[in-house]
Amino acid sequence: MSFQPRSAARSAARSAVLRLTVLRTRLGHGRHARPRLVRRPALPWPDPYAVFRGPHRRKAVSATVAGAALLGVAVAAVPGSAVAQTVRPTTPGSSAFSTAHEAAPFDNSVQVTAARPYRPAAGWKDLQLAVTVAGNLAPATPAAPRPAPPAQPAAATPPDWSAPVPGARISYLFGTPDTGYAAGYHTGVDFAVDAGTPVHAVGAATVVSAAWDGAYGKEVVLRLADGRFAQYAHLSRLDVAPGQRVGAGQLVGASGSTGNSTGPHLHFEIRTVDTYGAVVDPVRYLTAHGVDDL
């Protein structure tokens, strides 16, 4: 049995491994079983894809993906692109979104009815904006004068004199002889009116009495401004009191048939003094003061 030197044994083992590796490669079972059929031609510049081979391959791929993402964001922010969005305010507190870029709605001018300089409220002393007149604004026209309100009728001036019962028919004249009266004649004038008919003061006066007076029944006596006395007899109601001041046409009572009376009527006298028989013609007296509705 022969012994080979240790170095020779090692060389023989290496040659055997090499032959086995070559054999496995040819049979397609080796780690390098994908032989390169076409050799890559040599390039006159550095290979740009070389960075994807070797130990820096993962870092290069990550950097490429990040760059593509940044590029997409930049493209999206470019005005006019299909993905750009602009916010268009509509009402305070809300916004509307559109997919197309829009121009600013404010054109840096103010629309008024007449051109004049405009100074911004921010206090820019050196800047004044041109003010334009809106074409859709009609020129200001003076307002049509309002028609004057219809004149209110003046308050009716109270009459100076009035009939005791305006428009009433006279049924018994003053001065008619009649032995039934103590004076021998009718001392007043009788107006044919129903009971309850309003009776008015014939002029400005002061109430002397308003009470029952025997044959005259319920009676009112007024002292007129000229010192004469107006007497209303046979009343059904008294509407004034002694000492009260009244004006022409003011209500003093209502007609009736109290006292010595044969039916509803107003017995009216004008006296010079407040005494029976000191009388004048009532119709002539009132007519002289302008009363014409007797």
Where do [X] and [Y] come nearest, in terms of heavy atoms and distance?
X      : Y      : value
Pro198 : Val165 : O-CG1, 3.4 Å
Ser257 : Thr262 : OG-C, 4.5 Å
Ala248 : Pro159 : CB-O, 3.1 Å
Gly249 : Ser162 : N-CB, 3.8 Å
Pro264 : Ala195 : CB-N, 3.7 Å
Pro242 : Ser209 : CG-CA, 4.3 Å

**OP:** Look at atom CG of Asp274 and say whether more than 12 heavy atoms of other residues, nucleotides or ligands are closer to it than 6.0 Å.
**Re:**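 More than 12 within 6.0 Å, yes.
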Subject >> Exam field: side chain Thr197 to backbone Asp194, donor-acceptor pair closer than 3.5 Å >> reply: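 Indeed, once roles are kept as given, a pair shorter than 3.5 Å links the two residues.
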Are the side chains of [X] and [Y] in touch, meaning some heavy atoms are under 4.5 Å apart?
X      : Y      : value
Leu286 : Pro164 : yes
Val208 : Phe229 : yes
Phe191 : Ile170 : yes
His234 : Asp190 : no
Val279 : Glu269 : yes
Arg228 : Thr272 : yes
Leu224 : Trp161 : yes
Asp239 : Gln244 : no

Path from [X] to [Y] over hydrophobic side-chain contacts below 4.5 Å:
X      : Y      : value
Val199 : Leu238 : yes
Leu266 : Phe174 : no
Val280 : Leu173 : yes

Subject >> Pair Tyr172-Val189, side-chain contact (heavy atoms from CB on, under 4.5 Å): steps then yes or no >> reply: CA-CA 6 Å; Tyr172 201 37; Val189 61; over 6 Å; no
Original post:
Does the side-chain contact (heavy atoms from CB on, under 4.5 Å) test come out yes or no for Tyr276 and Thr187, once each step is laid out?
Top reply: CA-CA 8 Å; Tyr276 175 75; Thr187 55; 3.9 Å; yes
Original post:
Can you tell me how far CG of Leu235 sits from CG of Asp213, rounded to the nearest 0.5 angstrom?
Top reply: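 Atom-to-atom, Asp213:CG and Leu235:CG are 11.0 Å apart.
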**OP:** Look at the aromatic rings of Tyr216 and His267 and report parallel, tilted or perpendicular, splitting at 30° and 60°.
**Re:**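 Tyr216 and His267: tilted rings.
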**OP:** Report the C-alpha separation of Lys218 and Arg237 in whole Å, then their side-chain angles, then the decisive distance to 0.1 Å, and conclude whether the side-chain contact (heavy atoms from CB on, under 4.5 Å) test is met.
**Re:** CA-CA 7 Å; Lys218 290 183 179 181; Arg237 187 182 71 243; 5.9 Å; no
Original post:
Which residues satisfy the side chain to side chain donor-acceptor pair (under 3.5 Å) test with Asp160, sequence neighbours excluded?
Top reply: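 With sequence neighbours excluded, Asp160 shows a side chain to side chain donor-acceptor pair (under 3.5 Å) to no residue whatsoever.
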**OP:** Applying side-chain contact (heavy atoms from CB on, under 4.5 Å) between Tyr232 and each of Val202, Val240, Val221, report the one that passes.
**Re:**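 One option only clears the test, and that one is Val202.
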**OP:** Determine, stepwise, if the pair Val207 / Leu222 fulfils side-chain contact (heavy atoms from CB on, under 4.5 Å).
**Re:** CA-CA 5 Å; Val207 178; Leu222 305 179; 3.7 Å; yes
